[in-house]
Every structure is written in structure tokens, then in C-alpha cells.
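Just so you know, these numbers use all the heavy atoms, side chains as well, and skip hydrogens, waters and symmetry mates.
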Amino acid sequence: MKVTIDEDKCCGAGQCVLAAPEVFDQRDDDGVVILLDETPAEAEHENARTAAALCPAAAIEIHE
């Protein structure tokens, strides 16, 4: 699995951080997503998929 983000689409909702805190974080100043791990361990795959599904701006893409 590879995770990519589009910072320009991110609206800072924070759903990704709640769903997969090992994979995503947010910038303190504007809340835009930070990708912590673009190739998460298998144990985080479902959380990363959930984060992508919850993202209201579709800023997260999962490449299987």
C-alpha cells in the first residue's frame, strides 16, 4: 500500500488523524494534513482506508 495526499484539496477536517493517527497528522497553523507514513505497515492499512473514505475533500488516495 502507498498513501498519497493532495494538500491543496485538504480542508483540515481532521477525520484522517482520528482514523489513522499513525499515518496522518495536521499542521498546527492551518490544519492541513501531514502524511507521516506513505507506506504504512499492514496493521495500519484498514485505518488508512477508513481515513481516505472519511475525508470530506477526497484529499487522500490509497494505491494498493
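- One distance of note links NZ of K2 with CD1 of I62; it measures 12.0 Å at 0.5 Å rounding.
- Legend: residues meeting side chain to side chain contact (heavy atoms under 4.5 Å, CB included) with A51, ordered by chain and number and at least two apart, are C16, A19, A20, F24, I60.
- More than 12 heavy atoms of other shown residues, nucleotides or ligands fall within 6.0 angstrom of atom CG in D30.
- Legend: residues meeting side-chain hydrogen bond (donor to acceptor under 3.5 Å, both in side chains) with T4, ordered by chain and number and at least two apart, are H63.
- In terms of the side chain to side chain contact (heavy atoms under 4.5 Å, CB included) criterion, residue partners of C10 (sequence neighbours excluded) are, by chain and number, V32, V33, A59.
- A continuous path of Ile, Leu, Val, Met, Phe, Trp and Tyr side chains, each step under 4.5 Å between heavy atoms, connects I5 with M1, placing both in one hydrophobic cluster.
- Here salt bridge (charged side-chain N to carboxylate O under 4.0 Å, His left out) pairs that include residues 10-19, with residues two or more places apart or in two chains, number zero.
- Here side-chain hydrogen bond (donor to acceptor under 3.5 Å, both in side chains) pairs that include residues 31-41, with residues two or more places apart or in two chains, number zero.
- Both V3 and V17 belong to a single network of hydrophobic side chains, linked directly or stepwise wherever heavy atoms of I, L, V, M, F, W or Y lie under 4.5 Å apart.
- Looking at residues two or more places apart in sequence or on another chain, you find a side-chain hydrogen bond (donor to acceptor under 3.5 Å, both in side chains) between E44 and N47.
- When the salt bridge (Lys or Arg N to Asp or Glu O under 4.0 Å) test is applied to E64, the partners found at least two apart in sequence or on another chain are R49.
- Residue pairs that meet the side-chain hydrogen bond (donor to acceptor under 3.5 Å, both in side chains) test with at least one member in residues 5-14, sequence neighbours left out, are E7-R27.
- By the 4.5 Å side-chain criterion applied to Ile, Leu, Val, Met, Phe, Trp and Tyr, L36 is assigned to a cluster that also includes I34.
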